Amino acid sequence: LPMPDNATTLAAWDVVLPEHRPMIGDSAHPSVRYSACVVWHEGRIVVTHGYFYNHDIRQPAWLSDAWVFEVSRGAWRQVHRGERHGAPSARYSASAVVFD
């Protein structure tokens, strides 16, 4: 498709946080995940569920935890630890919506 003349001013990526290691996450960062549910709500990015393949141990993991990225602070916070603590069962390629 042809790009508009002002294409360079339409959008740009900013690095908010550098890539974090380990990829499996820790107490301050969620794991890398694919096919997660993500919504924007009140200035925060909410991420839950999804799929992670741990290449180090060659095992998949279906995730059920939930994290919030506080955009104003540039920091992650875990808001739910997953299905063992009452969340819906692990899944990926699901959908999410904010209903207010």
Side-chain angles (χ1 to χ4, degrees):
L1 294 171
M3 295 294 287
D5 293 335
N6 65 345
T8 58
T9 61
L10 292 177
W13 285 98
D14 289 326
V15 174
V16 178
L17 287 175
E19 183 177 74
H20 180 74
R21 302 285 180 170
M23 303 290 271
I24 60 171
D26 58 26
S27 63
H29 296 86
S31 68
V32 169
R33 57 191 70 203
Y34 310 95
S35 299
C37 292
V38 181
V39 295
W40 173 268
H41 183 62
E42 297 180 353
R44 297 175 183 95
I45 299 170
V46 181
V47 178
T48 187
H49 290 73
Y51 170 84
F52 171 72
Y53 188 83
N54 187 334
H55 291 276
D56 293 336
I57 61 172
R58 295 187 175 118
Q59 261 190 340
W62 287 266
L63 306 167
S64 61
D65 58 346
W67 291 79
V68 168
F69 183 72
E70 303 279 351
V71 175
S72 63
R73 292 182 28 233
W76 285 102
R77 160 173 74 89
Q78 189 174 34
V79 294
H80 204 285
R81 295 189 324 202
E83 67 184 279
R84 291 185 181 168
H85 302 277
S89 62
R91 62 198 68 206
Y92 66 101
S93 295
S95 298
V97 64
V98 173
F99 180 75
D100 205 5

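Being a predicted model, the structure only gives us computed values, none of them experimental.
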Enquirer: Hey, could you give me each pair passing salt bridge (charged side-chain N to carboxylate O under 4.0 Å, His left out) that has a residue in residues 73-95? Not counting sequence neighbours.
Expert: Glu70-Arg77
Enquirer: Please report the shortest heavy-atom distance between Trp76 and His29, naming the atom on each side.
Expert: CD1-CD2, 3.7 Å
Enquirer: Who are the side chain to side chain contact (heavy atoms under 4.5 Å, CB included) partners of Ser93, not counting sequence neighbours?
Expert: Ser35
Enquirer: Applying side chain to side chain contact (heavy atoms under 4.5 Å, CB included) between Pro30 and each of Phe52, Phe69, Trp67, report the one that passes.
Expert: Trp67
Enquirer: Run through the side-chain heavy atoms of Ile, Leu, Val, Met, Phe, Trp and Tyr, join any pair under 4.5 Å, and report what else lands in Val97's cluster.
Expert: none
Enquirer: Any side-chain heavy atom of Ser31 within less than 4.5 Å of one from Leu63?
Expert: yes
Enquirer: Kindly state each residue pair satisfying side chain to side chain donor-acceptor pair (under 3.5 Å) with at least one member in residues 45-62, sequence neighbours excluded.
Expert: none
Enquirer: What pairs meet the salt bridge (charged side-chain N to carboxylate O under 4.0 Å, His left out) rule with one or both residues in residues 32-41, with sequence neighbours excluded?
Expert: Arg33-Asp65
Enquirer: Is Val46 isolated, or which residues cluster with it under the ILVMFWY side-chain rule of less than 4.5 Å, directly or via members?
Expert: Val39, Val68, Val79, Val98
